[in-house]
Amino acid sequence: MTEKGEGTGVRLIRFLALGVPTLSRVIAVAFVVAAVALAFIEFDAYDAGARADLAMLFAVLALASLAVGYVVPWLVRTFLPRRR
C-alpha cells in the first residue's frame, strides 16, 4: 500500500518555519539599532527618561524576537510528525 503524504498545510507550516529564524534575527537587529539610536541621539520631544524607557522597550522586543526565532522551529520539530 502507498503511504499517505504530508498535507498542504503541514508542508506550508514547515516552509514558513524555515524562514522564521532569519526573519527574527533581521527584526532583532532593527530593534537594536532603534534602541541605540533612541539611547544616544537626542530628540526634542522626549526627555532622557522617556528615551531610556523606549530604548529598553526596543531591547526587550529584540530579545523577544530572538526567542520567537528559536522557539518556532523547536515547536515544528516537536509537534509535527517526522518526514519519511
Side-chain angles (χ1 to χ4, degrees):
M1 285 188 124
T2 60
E3 293 184 35
K4 183 180 176 186
E6 288 184 338
T8 306
V10 173
R11 284 187 291 154
L12 178 65
I13 290 170
R14 287 189 195 276
F15 177 73
L16 291 176
L18 288 174
V20 169
T22 303
L23 182 64
S24 72
R25 289 176 185 139
V26 169
I27 291 172
V29 168
F31 280 138
V32 167
V33 168
V36 169
L38 276 171
F40 295 110
I41 298 174
E42 231 175 279
F43 294 100
D44 291 333
Y46 299 107
D47 62 340
R51 286 188 295 125
D53 289 341
L54 286 173
M56 186 175 60
L57 173 70
F58 280 131
V60 168
L61 288 175
L63 291 174
S65 174
L66 288 175
V68 167
Y70 285 112
V71 168
V72 168
W74 176 79
L75 288 173
V76 169
R77 280 192 313 268
T78 303
F79 291 114
L80 289 182
R82 292 186 183 263
R83 289 189 207 175
R84 293 181 181 172

OG1 of Thr8 to CD1 of Ile13, rounded to nearest 0.5 Å, is 11.0 Å

For Val33, the side chain to side chain contact (heavy atoms under 4.5 Å, CB included) test, sequence neighbours excluded, returns Val29

With sequence neighbours left out, the residues meeting salt bridge (Lys or Arg N to Asp or Glu O under 4.0 Å) with Arg25 are none

- Message: Under 4.5 Å between side-chain heavy atoms, counting indirect links through other Ile/Leu/Val/Met/Phe/Trp/Tyr residues: same cluster for Leu54 and Phe31 or not?
- Response: yes

Under 3.5 Å, which donor-acceptor pairs link side chains of residues 57-77 to any protein atom two or more places apart or in another chain?
residue	atom	partner	partner atom	Å
Ser65	OG	Ser24	O	2.7

*Does Val20 belong to the same Ile/Leu/Val/Met/Phe/Trp/Tyr cluster as Phe15, with side-chain heavy atoms less than 4.5 Å apart forming each link?*
no

